[in-house]
Structure formats: C-alpha cells, structure tokens
Amino acid sequence: MSKTAETRLPDQDASAPDPTRWKALAFIALAQLMVVLDATIVNIALPSAQKDLGISDGNRQWVITAYALAFGGLLLFGGRISDLWGRKRSFVVGLSGFALASALGGAATSEFMLLGARALQGAFGALLAPAALSLLAVTFTDPKERAKAFGIYGAIAGGGGAVGLILGGFLTEYLDWRWTFFVNVPFAVVAALGAYFVIREPSGTRNRSALDVPGVILSTLGLVSLVYGFTRAESEGWSDPTTIGLFVGSVVLLTAFAVVESKVKNPLLPLRVVTNRNRGGVYLSLGLAIIAMFGLFLFLTFYLQIVKGYSPVQTGFAFLPMIAGMIIGSTQIGARLMTRVPARLLMGPGFLLAAIAMLLLTQLEIGSSYAGLILPAEIMLGLGMGTAFMPAMSLATFGVEPRDSGVASAMVNTSQQVGGAVGTALLNTIAASATTSYLTSHAVGSGGQKLLQAQALVHGYASAIWWAVGILVAASAIAVTFITAGRPNMDPTKVGGSEGAEGEVQVPVAMH
C-alpha cells in the first residue's frame, strides 16, 4: 500500500462510528474510577495499615505521598508514551501494571514493600489516566454522543474521590485494610480484558516522533518538586528551608522545561496545547476547583468523624448526596446543554453554584444539622461541580490534533493532581493556623477543654472553607473570561484549524 493510501484510511473510516464505542466507554470509565478512587480509598485504611506494619507517625504520610509524587510527576511522560505507543496499548499496560502493584500493596509485609507498591501504582496510573481520556476523545466525535460520554467521565472524575471514601470505609470496617488494595485487581483485570477485545483505536493518530528526553527529565523533576513541596508544607510548615527549596527548584525546573519545549523539534508538551486560550482556561479553572473540592473532602471527613462521631462507613454514606449531584450535573445538565450553549456558560455558573454551597458550609458549628446544612450544601456542590466538570473534560481535549491527545489529556490530570496537592496542603495549613489562634484566644479552665477543642476545630474548618469560596469564585471568573469557544461544531466539511473565526471549536476530520 502506498504512503498516500495509508494517510487516507483514517478519513475513509470517519463516516462510520465505531460500533463498540459504548462498550469501550464502560471499560474506560471503570479504569478511570479505579484511578480516581485510589487517591482517597487508602486514606481511611491508613491507621490500620500503620499499626499492622509498624510504620512510624513520621513516615505514615509517605503511603499517600509516594502515590501522589509518582502519579503527578510522570503524567506528562505517560501522556507522551500513550501518543507514541498507541492509547489502547498504553491503557492495557497501565491497567496490568496497576493491578500487579495493587496486589503487591495488599500483600505487603513491610513498610518498604507498601511504599514501593504505592509508587508503582502512581507510575502505572500516570500511564493509564491520560490514555483513558485520550481514547475517549478520539472515539467519540459526534457532538451529542461526545456530550453523553464526557458526562459520564466527568461524573466519575468529580465523584470518584467520594466513592473511595465510602468503599474504603466498608472494606476497612468489615474486611481488612489490605482489601483497599486487592479490590483494584478485579477492576483492572475486567477493564484490561474488555479494552483488549473491545476498544478499537482509530488508525493514523500516533505521534511516532523521537522522545524528548530533556523534557521528560525536567518536567518529571519539576512536577515532583512542586507536589512534594506542597505535601511537605502541610507537615513541616511553609517557612521550612526544605519546603522553600522545593518550591524554588520547581520554578527553576519548570521554567527550564518551558524554554526547552519552545526550542526542541519534537517537544514532550507542544506549547500549542497549553497556549490555546480555551484549553489554558480549562486547565487553570479546573485546577483551582480541585483545590477547593479536595479541601472540602478533607474537612467534612474530619468534621463528621471527629466532631460528630460518625464511623468511616457512616461518613462515606454522608457523601452520597454529593456524588448523586455530580452524576445529575454531568449527565443530565452538562451533557444535555453542552451542544446548545457555550462551555463558559456551563462552567462559570457551575463553579459559582459550588462556591455558594461552600458559603453555606462556612456556617458550620458543633451542633450543625446534617439535614439542615450539610445535605443541601452537598447537593448544590455536586450539581455545580458536575455541570462544570463535564464541558471542562470535553473542551480540554477538543480540537487537539490526534497526535497531541495524550499529552493534552495528561495536562487535565496534571491540573487535577497538582490541584489536589495544593488544596490538601494550603487549606489544611489555613485550618490548623485558625484552630491554634482560636485556642489561644479562648483559653478556659481544664473542665471545658474538650468542648473548646471541638469549637476550635470547627472554626478552623470554616476559616479554610472561606478560602475555598474565593478560589471557586476565581475559577468561575477564569472560565467565563478565558474560555471563548462556542458550541462544538463537528461539521466534517470544516477541516483545518482548531478554532474557527467566530469562536466555534472545529476538529480536523483526521481526528475520527
């Protein structure tokens, strides 16, 4: 077959949608759920694992940090590998590796073995997550079908962390902490087998150019330094010399990375991916929203368990209304309106509704009613985030050249991962500082010490949630200001640029 004939094949196949695309979505969604919930499922099991394996208090955080560093640091590399190898192959390899790492973690007999397993989970997750999103981007190209597919994906991306809290509570309370690792194995095996037999990656979409090794090294070290800097700030403080050194090093490394990417022939992250106004707005607003949401997960979990005395399972169930809101927001609001209104008119109001929900939660007190305050706030937060996440996930990869879909997908995950690290560290530090100040200014006799401690904790949570309100308002403003794309226009006769003159996003036919 001639070279010309080969290059025309993708266009010839474009008119016929993949008949297995909805089955493929089921396996992609299952894999995404596994990766997202793994970020929180281990949190509830951590005290039990620490006791069993004799992990010190000082090293306990590394069970979480090892995963976060490997996942966050290797995401761009994983996205580029999926463009190079092919998304299906990367997806299956990522799932297989994640399953083996999970089995290793569940069978851990020492601290070193557990930490190694968590790092491996993060590394294979960094290969799997971008491959999953880019497969979705190149499989669903019809506007209405794409809206439904990304609605499901957006709901999972937003609510998976809360699902992890529920599942982690069940497994830890009724089985054993090791099952928070073992549960990944059947998920991964089913998703890998399904992907192997069902998913059909469109031909002609790989990026076979040479790997940008300097870019890989600089981006990995820069992102690891950034994520670890925020993680360390949470435990050691913002003025700690090592923390400051990590932030400075991250700025230097990521600046050098940007310079290298602007000069090399085959960059790891082509700057056209992030300098596009719409995608840049999505990455920034999404990262800010994740900062607020991760902080809320943390504070509501502490509030319900420490102040209200909920068990892990009760705490997990308390998050169910938020998950339901996210599913409705993504699949019933975002998906139905995405083909009718510009993305900014979904993302901006969605983040603003979430900010109003956070505003309600600033009124938390020791005796606050779950049904009267927390429940309505959770429903509003879920609806707002679900409505905003759905078009954000779609627009972040929409109009991207097929050869760049892996790294564009990786940038979505990177903004989420960095946002999660920032949210946990920044808001937890604010809460701890406010708690300490409250204790200092409200000192009482020993008789009221327990009540005072609870009041101080709630005051700290409310103070940090005020910051989350401001962060979500900023995310809303960025979405409305930066994102100018109109309704998705998938007319196959309009081939060429990634953005039309009137702000309508267009996709080259080769993307099919």
Side-chain angles (χ1 to χ4, degrees), residues 27-28 30-46 48-50 52-53 55 59-79 81-82 85 87-133 156 160-161 163-164 167-168 171-172 175-196 220 223-224 227-228 231 410 413-414 416-417 420-421:
F27 297 117
I28 293 170
L30 181 63
Q32 175 65 12
L33 176 63
M34 182 185 70
V35 172
V36 174
L37 66 80
D38 207 72
T40 55
I41 192 173
V42 176
N43 291 28
I44 290 179
L46 187 52
S48 301
Q50 180 185 4
D52 272 10
L53 299 180
I55 302 173
N59 289 342
R60 177 179 59 188
Q61 68 166 2
W62 280 101
V63 177
I64 307 300
T65 304
Y67 179 87
L69 291 183
F71 188 72
L74 294 171
L75 270 168
L76 285 178
F77 182 46
I81 289 296
S82 73
W85 284 359
R87 288 100 194 164
K88 177 176 176 177
R89 180 185 298 176
S90 299
F91 187 73
V92 172
V93 171
L95 280 167
S96 303
F98 202 93
L100 290 173
S102 298
L104 185 66
T109 55
S110 67
E111 175 183 333
F112 176 79
M113 190 172 172
L114 182 63
L115 296 182
R118 287 292 283 166
L120 279 175
Q121 278 186 315
F124 283 107
L127 178 63
L128 171 60
L133 185 54
I156 291 171
V163 174
L167 192 56
L171 294 174
T172 303
L175 291 173
D176 185 80
W177 67 266
R178 296 180 183 277
W179 281 97
T180 60
F181 287 90
F182 289 142
V183 72
N184 289 326
V185 177
F187 277 155
V189 169
V190 170
L193 288 173
Y196 184 79
T220 301
L223 288 171
V224 165
V227 173
Y228 186 41
T231 303
N413 289 284
T414 300
Q416 288 180 289
Q417 186 64 24

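The analysis underlying the following values was restricted to heavy atoms, covering all of them including side chains, and did not include hydrogens, waters or symmetry mates.
- Between Ser102 and Gln121 the shortest heavy-atom distance is OG-NE2, 2.9 Å.
- Atom OG of Ser110 is separated from atom CG of Asp52 by 12.5 Å, given to the nearest 0.5 angstrom.
- The number of heavy atoms from other shown groups lying within 6.0 Å of OH (Tyr196) does not exceed 12.
- Between Leu95 and Met34 the shortest side-chain heavy-atom distance falls below 4.5 Å.
- Closest approach of Ala123 and Ala70 over heavy atoms only: N-CB, 3.7 Å.
- A perpendicular orientation is assigned to the rings of Trp179 and Phe182, their planes being inclined by more than 60° (bins at 30° and 60°).
- Nearest heavy atom pair, residue Ala49 against residue Leu114, reads CB-CD2, 4.5 Å.
- Residues Phe98 and Leu127 are not in side-chain contact: their nearest non-hydrogen atoms beyond the backbone lie 4.5 Å or more apart.
- If you take CZ on Phe27 and CZ on Phe91, they are separated by 9.5 Å, rounding to the nearest 0.5 Å.
- In this structure, the side chain of Arg178 engages the main chain of Ala108 through a donor-acceptor pair within 3.5 Å.
- Among all heavy-atom pairs drawn from Ala126 and Pro130, the shortest one is O-CD, 3.0 Å.
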Review point. Checking side chain to side chain contact (heavy atoms under 4.5 Å, CB included) for the pair Leu104/Phe181: CA distance, chi angles, key distance, verdict?
Key: CA-CA 8 Å; Leu104 185 66; Phe181 287 90; over 6 Å; no
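- Distance check: Leu53 CG to Thr109 OG1 gives 7.5 Å after rounding to the nearest 0.5 Å.
- Contact check for Leu171 versus Asp176: no side-chain heavy atoms found under the 4.5 Å cut-off.
- Panel note: side chain Arg118, backbone Ala66; no donor-acceptor pair is recorded below 3.5 Å.
- Across all their heavy atoms, Ala117 and Ala101 have their closest contact at CB-O, 3.5 Å.
- With rounding to the nearest 0.5 angstrom, the CG atom of Leu120 is 9.0 Å from the CG atom of Leu100.
- Rounding to the nearest 0.5 Å gives a distance of 14.0 Å between CD1 of Ile28 and CG of Leu33.
- The two atoms that bring Phe71 and Leu75 nearest to each other are O-CG, 3.1 Å, heavy atoms only.
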